[in-house]
Amino acid sequence: MYKILFKKTLAQSIHLMRIEAPQIARKRKAGQFVILRLHDRGERVPLTMTTSDAKEGSISIVFQEVGKTSMELAKMKQGDSILDVAGPLGNPTHIEKIGTVVCIGGGLGVAPVYPIAVAMKEAGNKVISIIGARTKDLLIMEKEMRAASDELLVSTDDGSYGFFGFVSQVLQGLIDKKTPINQVVTIGPVPMMKAVCEVARPHNISTMVSLNPIMVDGTGMCGVCRVTIGGQMKFGCVDGPEFDGFKVDFAELSKRLRSYIEQEKISLDKFKCTQCAAM
Amino acid sequence: MENQPKKQQVPRQKMPEQDPKQRRHNFNEVPLGFSEETAKLEASRCLQCKKPQCVAGCPVEVNIPAFIGLIKKGDYAGAANKIKETNALPAVCGRVCPQEDQCEKNCILTKKGESVGIGRLERFAADYARCHGEISLPQLPPPTGKKVAVVGSGPAGLTCAGDLAKMGHSVTLFEALHLPGGVLVYGIPEFRLPKAIVASEVDYLLKIGVKLEVDCIVGRTRTVDDLFEDGYSAIFLGVGAGLPKFMNIPGENLLGVYSANEYLTRINLMKAYQFPEADTPIIKGKNVIVVGGGNVAMDSVRNALRLGAEKACIVYRRSLEEMPARKEEVHHAEQEGVQFDLLCNPTRVIGNDKGFVSGIEIQKMELGAPDASGRRSPVPIKGSEYVIPADTVVMSLGTNAQPLIAATTKNLGLNKWGYIIADENTGATSKPGVYAGGDIVTGSATVILAMGAGKKAARAMNEYLKTI
Ligand SMILES: Cc1cc2nc3c(=O)[nH]c(=O)nc-3n(C[C@H](O)[C@H](O)[C@H](O)COP(=O)(O)OP(=O)(O)OC[C@H]3O[C@@H](n4cnc5c(N)ncnc54)[C@H](O)[C@@H]3O)c2cc1C
Ligand SMILES: Cc1cc2nc3c(=O)[nH]c(=O)nc-3n(C[C@H](O)[C@H](O)[C@H](O)COP(=O)(O)OP(=O)(O)OC[C@H]3O[C@@H](n4cnc5c(N)ncnc54)[C@H](O)[C@@H]3O)c2cc1C
Ligand code: SF4
Ligand code: FES
């Protein structure tokens with residue numbers, strides 16, 4: 001059992017949780033995730049660790065309520081326990097000093113890009129971060145990202161805060177201004193990552209993306225997380241989750257993420273029903 | 001061979017089974033087990049040979065005539081304890097061992113007709129003891145004070161952990177998933193091996209002092225070298241064969257195409273057949289095709305029926321004779337209405353506009369000359385392609401070595417396929433203090449071979465621990 005030490009809501013239906021998991025905290029590196037199972041009928045869901053504290057023996061996750069499990073997790077309180085937390089999973093981000101790194105997070109993607117910005121900065125890189133959200137109220141971790149970066153740029157889809165438009169357009173702006181960029185790291189919704197890749201590609205700026213295929217075990221055993229990278233089959237959980245963005249088949253990833261759309265709706269409706277009944 | 005004529009008169013006893021028409025709709029166990037009378041009758045067929053050939057056929061050398069003798073006398077608990085002397089998981093082996101290729105193949109009666117039902121008797125004794133709470137806990141020696149780590153809780157790891165605990169060592173079993181048992185819980189279906197049996201075997205280990213840590217991925221949560229630093233003096237790696245293979249044909253990433261590992265894991269480990277009571281979903285296809293001809297393929301196709309498929313079909317590139325699955329499982333599948341498209345090989349998976357699978361293109365094959373494994377190899381017949389409709393496709397093509405431990409452990413020797421190199425008699429690897437056994441050494445094999453490897457390694461580790 002893994003105790004929830006702290007919980008905070010960052011924006012509407014986006015929450016941060018600090019969970020007691022000393023073994024994982026000792027090992028976590030930027031880019032890695034855990035798999036959670038809330039109870040013995042629960043599914044296994046992957047969530048990226050944004051930070052960890054080896055001394056306290058805790059890890060932090062930031063998650064968005066999108067379906068049954070994430071909503072159920074959001075109902076849990078400080079002091080409650082999660083049945084299973086396994087990790088750290090996935091390959092850590094490749095961190096080295098290469099010059100200027102642009103870290104781009106869209107929507108919830110700001111949370112998983114944060115530890116990478118921190119690690120890139122620690123390695124001696126100049127870090128420019130671009131974060132965005134649909135609207136101002138949904139923007140998360142601005143303060144943390146500002147502290148982790150040499151420069152922070154913000155955009156919103158509706159112009160309610162920062163640049164009026166998408167994060168990919170902000171990157172285009174940097175490139176147009178001839179800002180030297182050695183590496184782009186981007187995490188967020190699939191269409192956003194794809195757009196960022198398309199901006200970087202003509203300038204041949206190496207772009208790393210973190211993929212979020214559906215997972216079960218997270219140890220390479222089942223193959224549900226397979227993605228196509230440069231025409232080859234890779235397993236997201238053991239070969240990734242980070243890949244060269246120029247080689248990713250994003251269209252296939254988007255499709256595969258919809259494998260259980262029907263079942264997810266059934267599951268969610270049933271959950272909402274039991275919640276109403278309990279009130 | 002004493003006075004056989006009289007004994008030969010009793011025919012091999014049949015085990016009652018659930019009716020195929022009913023069982024194809026439920027997940028309950030198929031064979032129902034012997035009654036006491038049938039067990040005694042079957043036991044009476046054993047000739048109690050002076051030089052029992054069956055024992056030589058058993059990878060862990062169960063004293064077969066002795067336990068059968070005890071059943072005949074009505075001492076069922078005694079029989080179970082006799083088996084337990086060399087086989088830690090008799091209720092499992094009695095169900096899943098390929099006895100027809102092992103003990104029963106060697107049985108002297110096989111030459112004259114039908115062998116003694118050794119597996120069925122083994123199962124009977126083990127079930128009796130479990131249901132009557134008559135598994136006695138062994139007398140444990142004084143603690144040696146040595147800490148050992150066993151990584152992976154499949155049959156290899158469970159056996160190794162149990163034996164080391166009985167030698168007085170302090171054993172911790174590390175398992176990556178949330179439940180112990182390995183393939184026994186995530187792969188082999190409930191209707192062939194009820195999960196309560198695996199749970200009770202694990203419970204037995206806990207009772208003799210084995211500590212269990214689930215959710216611990218060795219190589220990630222802690223590395224092998226961390227374990228040494230944390231005070232473990234010897235380590236056994238029984239992490240199983242891992243990554244599922246695919247065919248590398250177009251359309252394999254369409255929605256509704258599964259690896260057998262994923263399909264079975266969703267059903268067995270995650271209980272997706274109870275969705276939405278259990279949270280993990282699965283596509284309940286009406287028209288399911290399983291590609292492959294091993295036990296894993298049979299388990300997948302029979303699960304498909306139980307999930308409600310109207311048509312469930314095996315597509316296999318050789319003929320029935322070459323099929324590696326146990327005969328009994330093929331027979332059970334046939335009884336339940338599984339179709340077999342033999343000498344057929346998929347060339348392409350076809351999808352609809354939403355990205356879901358809608359069919360599979362098949363090429364007919366004919367058998368050519370025998371290959372290295374002695375099986376006649378299939379040769380494609382050009383121009384014979386045709387399409388069969390399907391809404392779920394399960395690829396059951398075997399596995400590759402799982403790379404996690406190898407990638408994170410220094411000085412661990414691997415063969416060219418990525419499996420760990422270990423001494424056949426001791427399980428010793430190239431890294432001092434590290435032993436390995438089971439599928440991660442041999443590639444996909446059997447439960448009993450994995451157990452045998454765990455047992456040999458435990459013995460060698462015990463010797464090693466005396467030297468440090
Ligand atoms: C490596 C990785 C890291 C991730 N990190 C985060 C994170 O830090 N914060 C966050 O909010 N989300 C993260 N996700 C996504 C998160 O796992 C899903 O949002 C979650 O599983 C949804 O479950 P649900 O029951 O609430 O929703 P559902 O209704 O079940 O699903 C909603 C959508 O989430 C996706 N999804 C469903 N099940 C899974 C699954 N088992 N694995 C992956 N995706 C699934 C599907 O696209 C689905 O359509 C990550 C995913 C991966 C693979
Ligand atoms: C569907 C199916 C049906 C089968 N039917 C039969 C049958 O009828 N008869 C028969 O004899 N054999 C059968 N087999 C084969 C048999 O199950 C295997 O040969 C046997 O289970 C191998 O045992 P093992 O202990 O080596 O590994 P496994 O049973 O694979 O167990 C390995 C364990 O290690 C864990 N693990 C992996 N990596 C790590 C890590 N890094 N850290 C911690 N833990 C880790 C895994 O999660 C798993 O629990 C079948 C196999 C399958 C898949
Ligand atoms: S363990 Fe397997 S091979 Fe050995 S006696 Fe039992 S059924 Fe036969
Ligand atoms: S999640 Fe099962 S192999 Fe990656």
Side-chain angles (χ1 to χ4, degrees), chain A residues 2 21 23-24 26-27 32 34-35 37-45 67-69 72 83-91 216-228 232-233 235 238-239 249 251-264 266-271, chain B residues 175-179 183 186-187 213-217 219-223 226 239-246 248 252-266 269-272 274-284 351 354-356 395 399-404 407:
Chain A
Y2 301 78
Q23 301 272 5
I24 305 175
R26 196 168 77 151
K27 284 281 167 179
Q32 291 186 300
V34 284
I35 285 199
R37 197 173 70 119
L38 302 187
H39 47 73
D40 69 356
R41 322 227 89 202
E43 63 181 334
R44 296 171 62 96
V45 294
K68 183 197 173 206
T69 301
E72 203 173 1
L83 185 55
D84 294 288
V85 179
L89 295 164
N91 296 313
V216 178
D217 59 302
T219 66
M221 183 266 281
C222 79
V224 64
C225 60
R226 57 196 190 272
V227 287
T228 302
Q232 279 197 317
M233 185 189 288
F235 287 3
V238 285
D239 298 322
D249 184 341
E252 181 187 271
L253 175 65
S254 293
K255 267 199 195 132
R256 286 188 59 79
L257 280 168
R258 298 171 59 83
S259 298
Y260 295 103
I261 285 282
E262 259 174 58
Q263 289 90 337
E264 282 155 6
I266 295 171
S267 191
L268 185 58
D269 289 348
K270 182 170 170 284
F271 179 67
Chain B
E175 169 54 49
L177 294 171
H178 55 260
L179 265 187
V183 169
Y186 77 68
E213 253 189 57
V214 293
D215 297 331
C216 178
I217 305 104
R220 292 278 188 222
T221 319
R222 337 166 67 148
T223 62
D226 290 338
V239 294
L243 281 61
K245 284 186 195 161
F246 287 87
N248 283 317
E252 264 183 311
N253 291 350
L254 287 163
L255 314 188
V257 181
Y258 291 91
S259 75
N261 270 7
E262 183 193 348
Y263 196 65
L264 294 169
T265 300
R266 282 184 184 268
L269 182 71
M270 305 309 297
K271 301 276 173 275
Q274 294 170 354
F275 180 87
E277 263 61 51
D279 289 341
T280 304
I282 191 158
I283 296 173
K284 295 183 176 174
K354 290 205 181 98
F356 281 87
M395 295 292 181
T399 48
N400 292 318
Q402 82 117 318
L404 208 53

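As a basis for the values below, the full set of heavy atoms in this structure was taken, side chains included, without hydrogen atoms, waters or symmetry mates. Quick caveat: nothing in here was measured; it's all calculated off a predicted structure.
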Contact origin within A:F271 toward chain B - heavy atom pairs under 4.5 Å: neither
Among the listed options B:V257, B:L404, B:T223, B:L264, the residue most often paired with chain A at heavy-atom distances under 4.5 Å: B:V257
Test side chain to side chain contact (heavy atoms under 4.5 Å, CB included) applied to B:H178 and A:D40, step by step: CA-CA 10 Å; B:H178 55 260; A:D40 69 356; over 6 Å; no
Atom group of A:R44 that falls short of 4.5 Å from chain B, counting heavy atoms: both
Selection from A:G223, A:G218, A:G87 maximising heavy-atom pairs under 4.5 Å formed with chain B: A:G87
Neighbour count >12 (heavy atoms, 6.0 Å) for atom CD, A:E262: no
CD (B:E277) with more than 12 external heavy atoms under 6.0 Å: yes
Which atoms of A:V224 approach chain B - backbone, side chain, both or neither, heavy atom under 4.5 Å: both
Chain A contact via B:T265 - side chain, backbone, both or neither, heavy atoms under 4.5 Å: side chain
Proximity breakdown for A:E72 and chain B, heavy-atom pairs closer than 4.5 Å: side chain
Region of A:K270 that comes under 4.5 Å of a non-hydrogen atom in chain B: side chain
Heavy atoms of other groups near A:R258 CZ, more than 12 under 6.0 Å: no
Which portion of B:D226 sits near chain A, non-hydrogen atoms under 4.5 angstrom: side chain
Spacing of B:N248 atom CG and A:Q232 atom CD [to the nearest 0.5 Å]: 8.5 Å
Contacting moiety of A:Q32, where chain B heavy atoms sit under 4.5 Å: side chain
Interface moiety of B:L254 toward chain A, non-hydrogen atoms closer than 4.5 Å: backbone
B:N253 and A:T228: side chain donor to acceptor below 3.5 Å: yes
Side-chain donor/acceptor of B:R266 to backbone N/O of B:P281, under 3.5 Å: yes
When A:H39, A:M233, A:E264 are compared by non-hydrogen pairs under 4.5 Å with chain B, the top option: A:M233
Portion of B:Q274 that has a non-hydrogen atom of chain A nearer than 4.5 angstrom: side chain
Side-chain donor-acceptor pair present, B:S259, B:N261, cut-off under 3.5 Å: no
Evaluation steps, side chain to side chain contact (heavy atoms under 4.5 Å, CB included), between B:I283 and A:Q263: CA-CA 8 Å; B:I283 296 173; A:Q263 289 90 337; 4.0 Å; yes
B:I217 portion near chain A, given a 4.5 angstrom heavy-atom threshold: side chain
Residue selection (most heavy-atom pairs with chain B, distance under 4.5 Å) from A:G220, A:P88, A:C222, A:S259: A:C222
Top contributor to chain A contacts, counting heavy-atom pairs under 4.5 Å, from B:P276, B:P244, B:A260, B:A278: B:P244
Residue A:N91 versus chain B: region with a heavy atom under 4.5 Å: both
Structural part of A:V45 lying under 4.5 Å from a heavy atom of chain B: neither
Atom pair SG (B:C216) and CD1 (A:I24), whose distance is rounded to the nearest 0.5 Å: 9.0 Å
A:I35, part contacting chain B, at a heavy-atom distance under 4.5 Å: neither
Evaluation steps, salt bridge (Lys or Arg N to Asp or Glu O under 4.0 Å), between A:R256 and A:E252: CA-CA 6 Å; A:R256 286 188 59 79; A:E252 181 187 271; 5.5 Å; no
Smallest separation among heavy atoms of A:K68 and A:S267, with atom names: CD-OG, 3.5 Å
Between B:Y186, B:F356, B:Y258, the one whose heavy-atom pairs under 4.5 Å with chain A are most numerous: B:Y186
Contact winner vs chain A - B:T280, B:T221, B:V214, heavy-atom pairs under 4.5 Å: B:T221
Donor-acceptor contact present, side-chain B:T399 to main-chain B:L243, <3.5 Å: no
B:E213 portion near chain A, given a 4.5 angstrom heavy-atom threshold: side chain
Which atoms of A:M221 approach chain B - backbone, side chain, both or neither, heavy atom under 4.5 Å: both
Value rounded to 0.5 Å, distance of CG in B:L177 from OG1 in A:T219: 6.0 Å
Top of A:V227, A:V85, A:D84, A:L89 for chain B proximity - count of heavy-atom pairs under 4.5 angstrom: A:D84
Contacting moiety of B:F246, where chain A heavy atoms sit under 4.5 Å: side chain
